[in-house]
Amino acid sequence: MITIDDISMFVIGFIRLGAVFRFIYCMVRLEGAAEEQTQYQKRAKNTVVFYVLAESVWQIKEVVLRYYG
């Protein structure tokens, strides 16, 4: 039987994998496109910010569950 913890671990893994692949994609495109360089720099920065915020949400969730659980 699938529990909520299993689903959250899947979502965390999916977010991590997606952020890594998006960052790599932006870095590869950054090397190839000189005229679109600022656009891909911004996208790479936004990917890193998203990853940090997503990890923070999961860590805060764990702290709250351990504190009240």
Side-chain angles (χ1 to χ4, degrees):
M1 180 156 194
I2 298 176
T3 64
I4 297 295
D5 287 332
D6 295 335
I7 294 171
S8 68
M9 292 305 290
F10 173 75
V11 170
I12 291 169
F14 191 68
I15 288 173
R16 289 176 181 165
L17 191 62
V20 168
F21 281 135
R22 176 71 174 177
F23 185 77
I24 291 171
Y25 172 77
C26 288
M27 290 296 112
V28 169
R29 294 290 298 192
L30 188 63
E31 289 181 8
E35 62 276 352
E36 298 174 344
Q37 196 170 26
T38 57
Q39 179 183 11
Y40 284 108
Q41 284 176 343
K42 187 174 181 180
R43 286 181 181 176
K45 179 186 160 218
N46 288 342
T47 302
V48 172
V49 169
F50 166 75
Y51 178 72
V52 169
L53 289 175
E55 285 292 327
S56 297
V57 168
W58 291 111
Q59 294 304 319
I60 291 170
K61 178 196 83 105
E62 289 296 321
V63 167
V64 168
L65 287 178
R66 289 189 193 273
Y67 183 75
Y68 290 112

Same apolar cluster (I L V M F W Y, side chains within < 4.5 Å links), [X]/[Y]:
X: Phe50; Y: Val52; value: no
X: Val63; Y: Ile60; value: no
X: Phe21; Y: Met27; value: no

How long is the span from the [atom1] atom in [X] to the [atom2] atom in [Y], to the nearest 0.5 Å?
X: Leu65; Y: Asp5; atom1: CG; atom2: CG; result: 8.0 Å
X: Ile12; Y: Glu62; atom1: CD1; atom2: CD; result: 6.5 Å
X: Ile24; Y: Thr47; atom1: CD1; atom2: OG1; result: 11.0 Å

Start with the C-alpha gap between Tyr40 and Tyr25, add the side-chain angles, then the distance that decides, and say whether side-chain contact (heavy atoms from CB on, under 4.5 Å) holds. CA-CA 9 Å; Tyr40 284 108; Tyr25 172 77; 4.2 Å; yes
Nearest atoms (heavy-atom pairs only) where Ala19 meets Tyr51: CB-CD1, 3.9 Å
Looking at every non-hydrogen atom in both residues, tell me the closest pair between Leu30 and Gln41 and how far apart they are. CD1-CG, 3.7 Å
Between Arg16 and Glu55, does the side-chain contact (heavy atoms from CB on, under 4.5 Å) criterion hold? Intermediate values first, please. CA-CA 9 Å; Arg16 289 176 181 165; Glu55 285 292 327; 2.7 Å; yes
Take atom NZ of Lys42 as the centre, draw a 6.0 Å sphere, and report whether it contains more than 12 heavy atoms from other residues, nucleotides or ligands. no
Count the heavy atoms belonging to other residues, nucleotides or ligands that lie under 6.0 Å from CD1 of Ile2, then report whether that count exceeds 12. no
If you define the side chain from C-beta out and look only at heavy atoms, does anything of Arg43 sit under 4.5 Å from Arg29? no
Pair Val11, Trp58 - check side-chain contact (heavy atoms from CB on, under 4.5 Å), show working. CA-CA 10 Å; Val11 170; Trp58 291 111; 3.7 Å; yes
Evaluate the criterion side-chain contact (heavy atoms from CB on, under 4.5 Å) for residue pair Val48 and Lys45; output intermediate values, then yes/no. CA-CA 5 Å; Val48 172; Lys45 179 186 160 218; 5.9 Å; no
